[in-house]
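One structure coming up, written as structure tokens, with questions to follow.
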Amino acid sequence: PLYEAGLSRAIGDWTLGMNATRLYTLKYGQNKQVLSIGRVQTPTLALIVKRQQEIEHFVPKQYWELKTVYRDTVFSAIVRKSDEELAEEAEKEKENPTKKKTQPVENRGIPPITDEQTGRQLLERIRQVPFEVTDISTKKGTEAPPRLFDLTSLQVECNKKFSYSADMTLQLIQSLYEKKVATYPRVDTTFLSDDIYPKCPNILAGLKDYAAYTAPLTGAPLIKSKKVFDNSKVTDHHAIIPTGVQPQGLTDMEKRVFDLIARRFIAVFYPDCKFSTTTVLGEADKIEFKVTGKQILDPGWRVIFAKEQQDEAKENTEEERTLPVFRKGESGPHEPMLNEKWTQPPRPYTEATLLRAMETAGKLVDNDELRDAMKENGIGRPSTRAAIIETLFKRHYIRKERKNLIATPTGVELIQLIHEELLKSAELTGIWEKKLREIERKSYDAGTFLTELKQMVTEIVYSVLSDNSNRRVTVGEDKPV
């Protein structure tokens with residue numbers, strides 16, 4: 001079945017790529033420019049172009065935030081969700097039926113402040129009255145260690161932390177694999193099989209440079225979590241981990257990548273991080289305010305990433321702050337303020353966010369469990385995604401501005417030229433990918449797949465040949481970047 005799936009993939013990609021590239025080049029390329037079309041590269045380019053157009057057409061809206069300072073703590077007025085936000089949330093719940101249903105929360109608070117005059121009136125209304133604390137609630141929670149790396153998550157992390165391209169990360173981890181210090185890299189699982197568990201103490205013992213972190217784990221059985229060890233989530237290869245061989249002669253870039261893998265591996269044997277979240281509600285003249293603070297009770301696995309956590313905490317000051325001790329019913333003077341804000345456009349893709357979008361066929365998914373379910377329908381394979389992005393650079397369809405990926409005029413025109421949704425839809429390509437996985441598992445017939453494919457290519461050819469609109473791609477003098 002693996003052979004059949006691999007062969008079907010190769011035949012499919014060749015049939016579609018060869019026919020569509022020749023078709024579009026002859027029809028729209030003015031005999032001057034090859035218009036390269038591919039099953040994975042075209043939807044990937046379409047994701048970048050779509051995001052770019054959303055940014056270009058974005059109209060910023062002005063709004064105001066009402067806040068007040070009470071006992072050196074900034075409270076924010078609770079704002080009622082708009083109808084659009086409620087509709088968006090309902091849509092997301094429909095799209096993610098696997099997600100646990102949350103209890104419907106009462107939509108309370110003041111309406112969004114969209115004009116300054118309303119904001120000023122509210123400000124004056126609460127200025128003269130005391131602020132009263134109406135409710136204090138504390139919830140304890142735990143946070144599991146981060147998942148082990150598959151290739152995509154390693155590429156994402158290296159792009160975020162060190163600005164390495166997906167291709168560069170692949171070369172570095174391949175080199176670590178060849179130097180026998182890391183396991184096989186071209187994998188799409190973040191789990192280990194149960195047979196690796198007995199080998200883990202020796203692997204940890206081999207990480208001599210991390211003795212300060214591995215020492216507390218010796219002398220007792222290692223934690224064996226189902227979020228790490230699960231045979232059902234491992235096919236031919238497991239997650240990327242160190243081998244236990246002492247690294248020697250690594251370049252600085254290789255050391256950085258190895259450090260990420262080693263720390264993640266050690267962290268999965270540490271206890272969960274325990275924290276408490278305190279929410280304080282208050283009001284002034286019936287306008288409700290809220291502040292949230294988070295306190296780490298037991299850092300657990302976080303000690304391994306202590307420096308990084310500090311850097312992140314500086315960026316994310318809102319999240320991790322300890323509040324003073326408030327009492328319900330206390331009240332006193334406060335200093336209200338009104339801040340002018342503007343809505344922000346979506347951000348351009350970076351290689352990190354594009355890799356995630358490819359993995360989930362363009363759907364924005366933050367949750368690890370949901371991401372696992374979406375992987376079935378991702379576009380491209382972990383081992384080929386870096387090469388796809390490089391191909392788009394080589395063909396001058398995209399370029400880099402700092403970390404951001406920007407489509408060139410040729411790239412934008414090519415996507416606008418393609419009317420056949422099948423060629424540029426990430427979701428439809430994801431469905432193809434799912435059928436190929438099913439062939440691997442013997443639950444889909446390779447012959448049927450190829451028949452459907454040929455039928456689809458035939459329809460695309462006839463559709464493009466019958467286009468009489470005289471559309472063309474303007475030949476851009478693209479300088480190599």
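As the structure is a computational prediction, the values presented were derived from the model and not from experiment.
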Tyr444: partners by ring pair (Phe, Tyr, Trp, His ring centres under 6.0 Å), with sequence neighbours left out
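Scan of Tyr444 (ring pair (Phe, Tyr, Trp, His ring centres under 6.0 Å), adjacent residues dropped) gives none.
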
Side-chain (Thr408) to main-chain (His396) donor-acceptor, under 3.5 angstrom
yes

Has Lys179 got more than 12 heavy atoms of other residues, nucleotides or ligands less than 6.0 Å from its NZ?
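Yes - once you tally the heavy atoms of other residues, nucleotides and ligands closer than 6.0 Å, there are more than 12.
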
Test of understanding: with ring pair (Phe, Tyr, Trp, His ring centres under 6.0 Å), list the residues that count as partners of Phe449, not counting sequence neighbours.
Trp432

So do the side chains of Phe258 and Lys255 get within less than 4.5 Å of each other, counting heavy atoms only?
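Sidechains of Lys255 and Phe258: no contact.
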
Ignoring hydrogens and geometry beyond distance, is a side-chain donor-acceptor pair present between Asp167 and Ser165 at under 3.5 Å?
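Ser165 and Asp167 do not have a side-chain donor-acceptor pair below 3.5 Å.
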
Extract all donor-acceptor atom pairs below 3.5 Å that involve side chains of residues 239-250 and protein atoms in other chains or at least two apart in sequence.
from, atom 1, to, atom 2, distance (Å)
Thr243, OG1, Lys180, O, 2.6
Thr243, OG1, Val181, O, 3.4
Thr243, OG1, Val245, N, 3.3

Does one side chain, of Thr350 or Thr353, offer a donor that lies under 3.5 Å from an acceptor on the other?
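The answer is yes; a qualifying pair exists.
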
Side-chain atoms of residues 17-25: list all donor-acceptor pairs with protein atoms under 3.5 Å, sequence neighbours left out, distances to 0.1 Å.
from, atom 1, to, atom 2, distance (Å)
Asn19, ND2, Thr15, O, 2.7
Thr21, OG1, Gly17, O, 2.7
Thr21, OG1, Ile37, N, 3.0
Thr21, OG1, Ile37, O, 3.1
Tyr24, OH, Glu420, OE1, 2.3
Thr25, OG1, Thr21, O, 2.6
Thr25, OG1, Leu35, N, 2.9
Thr25, OG1, Leu35, O, 3.4

Closest contact, heavy atoms only, Lys227 versus Arg147:
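Answer, listing the atom of Lys227 first, then Arg147: O-CD, 4.1 Å.
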
Working for salt bridge (Lys or Arg N to Asp or Glu O under 4.0 Å), residues Asp188 and Arg437
CA-CA 13 Å; Asp188 63 352; Arg437 300 276 172 104; 3.7 Å; yes

Return the minimal non-hydrogen interatomic distance between Ile379 and Val40, and the atom names on each side.
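Smallest interatomic distance, heavy atoms only, reads C-CG1, 4.2 Å.
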
On a heavy-atom basis, which atom in Phe393 and which in Lys400 lie closest, and how many Å separate them?
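Shortest heavy-atom separation between Phe393 and Lys400 comes out as CE2-N, 3.9 Å.
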
Ring pair (Phe, Tyr, Trp, His ring centres under 6.0 Å): pairs with one or both residues in residues 136-186, sequence neighbours excluded:
Phe162-Tyr164, Tyr177-Tyr184, Tyr184-His237

From NZ (Lys435) to CG (Leu453), nearest 0.5 Å:
10.0 Å

Can you list everything that forms a salt bridge (Lys or Arg N to Asp or Glu O under 4.0 Å) with Lys226? Sequence neighbours excluded, please.
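Partners of Lys226 by the salt bridge (Lys or Arg N to Asp or Glu O under 4.0 Å) criterion, ordered by chain and then number, come out as Asp230.
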
Give the C-alpha distance, both sets of side-chain angles, the deciding distance and a yes or no for salt bridge (Lys or Arg N to Asp or Glu O under 4.0 Å) between Glu440 and Arg381.
CA-CA 14 Å; Glu440 284 176 20; Arg381 303 287 285 189; 3.7 Å; yes

What distance do Leu170 atom CG and Thr384 atom OG1 have between them, rounded to the nearest 0.5 Å?
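One finds 10.0 Å between CG of Leu170 and OG1 of Thr384.
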
Contacts of Phe275 meeting ring pair (Phe, Tyr, Trp, His ring centres under 6.0 Å) (sequence neighbours excluded), chain-then-number -> none

Sorted by chain and residue number, the salt bridge (Lys or Arg N to Asp or Glu O under 4.0 Å) partners of Lys160 (sequence neighbours excluded) come out as none

Looking only at heavy atoms, which two atoms of Val412 and Gln53 are closest? And how far apart?
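In this case the closest contact between Val412 and Gln53 is CG1-NE2, 4.1 Å.
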
Ile173 versus Ala182, closest heavy-atom pair with distance:
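Result for this residue pair: CD1-CB, 4.0 Å.
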
Could you tell me the separation between the SG atom of Cys200 and the CD1 atom of Ile196, rounded to the nearest 0.5 Å?
7.0 Å

Within the 3.5 Å criterion, strictly below it, is a donor on Lys67 or Ser76 matched to an acceptor on the partner's side chain?
yes

Identify, with sequence neighbours excluded, every residue that meets salt bridge (Lys or Arg N to Asp or Glu O under 4.0 Å) alongside Glu143.
Arg302

Enter the distance from Leu436:CG to Leu7:CG here, rounded to the nearest 0.5 Å.
11.0 Å

Residues 202-216, side-chain donor-acceptor partners within the protein, below 3.5 Å, at least two apart:
from, atom 1, to, atom 2, distance (Å)
Tyr210, OH, Asp259, OD1, 2.7
Thr214, OG1, Tyr210, O, 3.4
Thr214, OG1, Ala211, O, 3.4

Residues in side-chain hydrogen bond (donor to acceptor under 3.5 Å, both in side chains) with Lys50, at least two apart?
none

For a quick test of reading the model, state the closest non-hydrogen atom pair linking Glu254 to Leu172 and the distance between them.
CG-CD2, 3.8 Å

Got a sec, which residues hit salt bridge (Lys or Arg N to Asp or Glu O under 4.0 Å) with Glu401, two or more places apart in sequence or on another chain?
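Testing Glu401 for salt bridge (Lys or Arg N to Asp or Glu O under 4.0 Å), a comparison that skips the adjacent residues, returns Arg399.
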
